[in-house]
Amino acid sequence: MKYPFADVEKKWQKTWEDNKTYKTDLTDLEKKLYTLVMFIYPSGSKLHIGHWYNYAPTDSWARYKKMRGFNVFEPMGYDAFGLPAENYAIKTGIHPQDSTVTNIDDIREQLKTMGCMYDWDAELMTCVPEYYKWNQWLFIQLYKKGLAYRKNAPVNWCPSCQTVLANEQVQSDGTCERCDTMVERKNLTQWFFKITNYADELLDGLKTIDWPDKTKLMQENWIGKSFGTEVKFGVDGYKDKEIRVFTTRPDTLFGVTYVVLAPELDLVQELTTDENKKAVAEYIESIKSLSEIERTSTVKEKTGVPTGAYAINPVNDEKIPIWIADYALANYGTGSVMAVPGHDDRDFEFAAKFNLPIRKVIFEKGSDADVELTEAYTAPGTMVNSEQFNEMDSIECKSKITDWLSENDNGEKKINYRLRDWLISRQRYWGTPIPIVYCDTCGEVTVPEEELPVELPYEVDFKHDGGSPLEGNAEFLNATCPKCGGAAKRDVDTMDTFMDSSWYYLRYLNPKFSDGMFDTKLGDDWTPVDMYVGGAEHATMHLLYARFIHKFLRDIGMVNSDEPFKRLIHQGTITNNGAKMSKSKGNVVNPGSFIDEYGSDVFRMYLMFMGPYELGGDWSDKGIVGVDRFVQRAYSLFENNKDLSKTVAAPSKFDMEKLTEIEKSVYQLVNKTLSKFEVEIENYRFNTAVATLMELNNGLKELPNCSNEIQLFASERFITMLAPLAPHMAEECWSILGNEKGLFDNPIWFEIDESALVQDSVTIIVQVNGKVRAKFDLPRDSEEATVKETAWNEEKVKAHTDGKTVVKEIYVKNKIYNIVVR
RNA sequence: GCCCAGAUGGUGGAAUUGGUAGACACGUUGGACUUAAAAUCCAAUGACCAUUGCGGUCGUGCGGGUUCAAGUCCCGCUCUGGGUACCA
């Protein structure tokens, strides 16, 4: 009979639900395991193949752990705030709250058809006051510790829409996606969290977590710790002003021939001479629409203008011109750069273009120090034109010059980070209101904790001109100052949604908890999360913010661990015709028709079989029939063994001596498969795990010719391995076999008979000059002399070595015998 | 631009430490079953050359290198994907 997936899946989903099979007892800490997949963003599109690809294998891993006796906690929830719902509202007039709730209800129903082990009692969503209240509480704790502060920062501003745009809403040519107007950069006062205070700890913590190397490397580079020197340049004609620059190359200080300031720095306005004011203003205007990526591109034509002011190089008191150029960024380092055209590629190009002097202060050992530079020399070498440091090694001079600067109060050793503080203000509606009011007398005042949450009002004009939508709601905007009771205004911005996702894993443990942000007892017991799965696109932002917040929570005594996620896996992206699936591109593949045709188990197993989980790939349904055939064959295998476990009992080990040849090979294959399967699943290599089971299935063709005991032995093990990958089918087969209790209600995992894994004979490959010429089987661990003799007796070996001199012979035990001839 | 990945038959992919390249599937071809088709089962299937048979050469994006031996290590590229701080 064909495997009746539709009935089977419905039946077991109901059984699981009735038995509360997947309700996790969080008080049971023995063999506890917290496995978490990044929560779902409830956009308008339904669950697509990408979601299935993310959740199904993750669930299979969790099920494998459950089968092995772990108390598994696997929750699911909704990352419900965010920009797309708001844009959808602007387009359609449907309020974000209404569309989000509808979407979540749809998605929940679809999630349930997947048949995952989610503990639905732990479900959460971020857009409800019970959740976002604690974002506000967290904000206030950060504020109290001096880790939340306001400063000016640029936003994308569309002068025509009179609104702030997300980077995503700016098209590649720098125009607004709604009206094609050129987008400008505009400064606004916004809230920041001092993640930079944790830079070193975020760096060091990477060594303690089991994350992909590439992710740790990306975070390391993102934090970008560099050791260098801060040098103070004087400003000609201003006794009270100085320009501080950070450099990793203090050895080139004598080669500085000009200084570059970021055009946005206030100092620029102060220093620019009258005759240069017009050019400077025009230049600043001309770069208003450039993105940081464009500005810092090393292939772009260099631009800049002189300010007319001069800096004084502290090492030689030389007067050098001060320029402004777009490649200097106000938010990196000090916003000022010392230019050494002789020894920096970008400076060389800039100097060549604007006829600024290029001076050689380092030359390659052994070369002529007087030869003019035709390109920047960036390698270390010998010092020249550097007064008392001449003829020294440039690397040694780094610290020598820094020390000398320190002694004269002209600079000091400095560590610089590429990491910037976390800007959390968003000029948007659909997010957590910032719990701050502004009072004319008291200034910025936090909302008292007992008054939280500051509720997000429903009534709002999303297209409010000039900035944040909340500003247009007078009832929300006008508040009384908690300090003096006078009139005050609320902060009308909302928080970055990364705030929501920075601690949700703690809230899952008890989403209804009302006495605090989360149940700290459960937090201590269940975090760090044992396994976290999500896209690699989160490598540097979400995953860094969550680590930061976790460390902060530790510092205020809320959690007792240093890191939120012990182990991390990234699933790959499933594309369609090479493009990421998205509703806007209209290339979303709906899994529905596949579920109808093959069932949820086959579909999930096919997704796992497609390729390496971390790689993803382009969607194609070409191979799904192969998985379906496998399932049909496996099903008929068990169907033929109805009630077998009621009639026979299989020992957990067999004496191989007493088995027939066929039985022995089946017995060995089953054990070998178990051994391989465990390693593959453990490491999220589902494609090879499925392949291993297919091999087992192919190898079980002789099963009817085995004793009932062997048949039961093989069937039980096959079904338990199938259970994580095809849970409904496995339950069904387990019950066909005659078991009364469900697999996941009474998880079971079988021991491997190690003695069955040992191969008695091995295949030796004989190579001549690295090419395979013969192969033969010998007993494992045969003497080298025996191998050599057998190898030389091979006709082909003789033929390929005949008349040649043997140079050497290499034997790799149990593997290869290589003869090198000339 | 910068940071991080990836590239293997007609297709998806496999290959712990460098040690038989192509597991497992899809597809294709041939066969069995059938009045026929579907389904199922069996066999073959990297390319090229040779062939009655034995066999041989090439082959893991491109160009170099290290090694007895390279998909795997090193150097230099190309293309594709992710991120680049307001998509999440």
Side-chain angles (χ1 to χ4, degrees), chain A residues 2 38-41 43 79 81-84 87 155-156 164-170 190 212-215 217-222 224 291-300 327 331 418-428 496-498 500-501 534-542 544-545 570 572-573 575 578-580 582 606 609-612 614-618 620-627 629-630 632-633 679 683 685 687-688 690-695 698 763-772 775 795-796 799 807-810 812 815-821:
Chain A
K2 202 167 175 338
M38 287 180 188
F39 57 178
I40 186 164
Y41 184 78
S43 69
D79 186 12
F81 273 141
L83 180 67
N87 284 340
V155 293
N156 300 310
V164 176
L165 298 177
N167 288 342
E168 202 190 36
Q169 297 174 287
V170 182
Q190 307 185 77
D213 285 338
K214 66 159 190 168
T215 312
L217 191 57
M218 275 191 268
Q219 290 211 347
E220 195 181 315
N221 291 335
W222 184 264
S291 70
E292 265 179 35
I293 294 172
E294 289 167 323
R295 285 175 56 163
T296 52
S297 165
T298 53
V299 293
K300 181 190 132 258
Y327 73 78
N331 52 18
R418 208 188 73 96
L419 180 69
R420 313 203 292 242
D421 279 336
W422 175 12
L423 193 169
I424 60 128
S425 296
R426 297 291 181 272
Q427 295 68 41
R428 290 186 219 301
D496 181 1
T497 54
F498 278 128
D500 309 338
S501 53
E537 68 272 21
H538 294 292
T540 47
M541 300 186 71
H542 159 58
L544 196 66
Y545 295 140
H570 294 302
T573 324
T575 54
K580 212 171 161 177
S582 76
Y606 174 59
F609 185 60
M610 271 172 57
E614 308 199 18
L615 220 62
D618 208 43
S620 157
D621 59 2
K622 265 187 178 173
I624 194 166
V625 291
V627 176
R629 281 174 200 155
F630 162 70
Q632 297 301 340
R633 265 188 266 165
V679 178
N683 293 295
R685 292 194 292 259
N687 54 333
T688 46
V690 174
T692 303
L693 292 191
M694 285 176 168
E695 281 180 80
N698 294 342
T763 304
I764 304 289
I765 305 301
V766 187
Q767 298 184 331
V768 178
N769 285 353
K771 285 194 170 137
V772 180
K775 51 184 97 171
E795 283 304 318
K796 291 252 231 102
V807 180
K808 83 206 252 195
E809 292 170 62
I810 296 129
V812 183
K815 274 188 182 149
I816 281 218
Y817 197 84
N818 193 6
I819 301 164
V820 186
V821 294

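Because the structure is a prediction, the values reported are computed rather than measured. Chain letters run A, B, ... following the sequence lines, proteins first and then strands; every chain starts at 1.
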Pairwise C1' distance, B/rG9 and B/rA21 [rounded to whole Å]: 11 Å
Sugar-phosphate only, base, or nothing, as touched by A/His542 at under 4.0 Å among non-hydrogen atoms: nothing
Any A/Asn167 side-chain nitrogen or oxygen under 4.0 Å from OP1 or OP2 of B/rA85: yes
Sugar-phosphate, base or nothing in reach of A/Glu614, heavy atoms under 4.0 Å: nothing
Selected nucleotide, minimal atom distance to A/Met541 side chain, candidates B/rA88, B/rG27, B/rG1: B/rA88
Rounded distance in Å between the C1' positions of B/rA14 and B/rC4: 25 Å
P atoms of B/rU60 and B/rC54, separation to the nearest Å: 26 Å
Touch class at under 4.0 angstrom, heavy-atom based, for A/Phe498 against every strand present: base
Spacing between A/Asn769 atom CG and B/rA69 atom C1', to the nearest angstrom: 10 Å
N-glycosidic conformation, B/rG9 - syn within 90 degrees of 0, else anti: syn
Touch class at under 4.0 angstrom, heavy-atom based, for A/Asn331 against every strand present: nothing
Sugar-phosphate, base or nothing in reach of A/Gln190, heavy atoms under 4.0 Å: base
Anything under 3.5 Å between a protein N or O and an N or O of nucleotides 11-19 of chain B, put it in a table, one pair a line.
residue: B/rG12; atom: O2'; partner: A/Met610; partner atom: O; Å: 2.5
residue: B/rG13; atom: O3'; partner: A/Asn687; partner atom: ND2; Å: 3.4
residue: B/rA14; atom: OP1; partner: A/Asn687; partner atom: ND2; Å: 2.8
residue: B/rU17; atom: O4; partner: A/Lys815; partner atom: NZ; Å: 2.7
residue: B/rG19; atom: N2; partner: A/Asn818; partner atom: ND2; Å: 3.4

Whole angstrom value for the distance that separates C1' of B/rC87 from CG of A/Asn156: 13 Å
Sugar-phosphate only, base, or nothing, as touched by A/Glu537 at under 4.0 Å among non-hydrogen atoms: base
Between B/rG55 and B/rG61 - C1' atom distance, rounded Å: 31 Å
Partner nucleotide of B/rU51 by Watson-Crick or wobble geometry (both distances under 3.5 Å): none
Geometric class of the A/Tyr545/A/Phe498 ring pair [parallel <30°, tilted 30-60°, perpendicular >60°]: tilted
Heavy-atom protein contacts under 4.0 Å, nucleotides 41-56 of chain B, coded B base, S sugar-phosphate only, - none: SS------------SS
Gap between atoms CZ and P, on A/Phe39 and B/rC87 respectively (whole Å): 16 Å
Any donor-acceptor N or O pair under 3.5 Å, side chains A/Tyr817, A/Gln767: no
Options B/rA5, B/rA23, B/rA85, nucleotide nearest the side-chain atoms of A/Lys214: B/rA5
salt_bridge(A/Glu292, A/Arg420) N-O dist < 4.0 Å: yes
Nearest-nucleotide pick for A/Ile765, side chain only, options being B/rA85, B/rG1, B/rU20: B/rU20
Sugar-phosphate only, base, or nothing, as touched by A/Leu83 at under 4.0 Å among non-hydrogen atoms: sugar-phosphate
Atom-pair distance (CD on A/Glu292; P on B/rC2), nearest Å: 16 Å
Side-chain touch A/Trp222/A/Leu419, heavy atoms, less than 4.5 angstrom: yes
P gap between B/rU29 and B/rC68, integer Å: 48 Å
Pair A/Asp618, A/Thr575: side-chain N/O donor-acceptor within cut-off below 3.5 Å: yes
Residue met sooner reading RNA chain B from 5', once A/Met218 and A/Val164 are mapped to nucleotides: A/Met218
B/rA70 versus B/rG82 - spacing of their C1' atoms, nearest Å: 29 Å
A/Asn221 side-chain proximity, nearest of B/rA23, B/rA88, B/rC3: B/rC3
Sugar-phosphate, base or nothing in reach of A/Trp422, heavy atoms under 4.0 Å: nothing
Atom-to-atom span, CD of A/Glu809 to C1' of B/rA69 - whole angstrom: 15 Å
A/Tyr327 OH - B/rC2 P separation (whole Å): 16 Å
Nearest-nucleotide 5' precedence on RNA chain B, A/Lys771 against A/Val627: A/Val627
Side-chain donor or acceptor of A/Asp79 paired with backbone N/O of A/Phe39 under 3.5 Å: no
Length of the CH2-C1' vector between A/Trp222 and B/rC3, whole Å: 9 Å
Watson-Crick or G-U counterpart of B/rU28, or none if no pair lies under 3.5 Å: B/rA44
Touch class at under 4.0 angstrom, heavy-atom based, for A/Ile819 against every strand present: nothing
A/Leu217 side chain, from C-beta outward: closest of B/rA5, B/rA85, B/rC87: B/rA5
Distance-only polar pair, side chains of A/Arg633 and A/Asn698, donor-acceptor under 3.5 Å: yes
Rounded interatomic separation in angstrom, taking NE2 from A/His538 and P from B/rU84: 10 Å
Watson-Crick/G-U partner (both atom distances under 3.5 Å) of B/rU16: none
Nucleotide opposite B/rG63 in a Watson-Crick or G-U pair, distances under 3.5 Å: B/rC75
Same-atom distance (C1') from B/rC77 to B/rA23, integer angstrom: 32 Å
Side chain A/Ser620, main chain A/Lys622, donor-acceptor under 3.5 Å: yes
Nearest heavy-atom neighbours spanning A/Ser297 and A/Lys300: OG-N, 3.4 Å
Sugar-phosphate, base or nothing in reach of A/Lys300, heavy atoms under 4.0 Å: nothing
Sugar-phosphate only, base, or nothing, as touched by A/Ser425 at under 4.0 Å among non-hydrogen atoms: base
Nearest-angstrom distance, P atom, B/rU78 to B/rG63: 15 Å
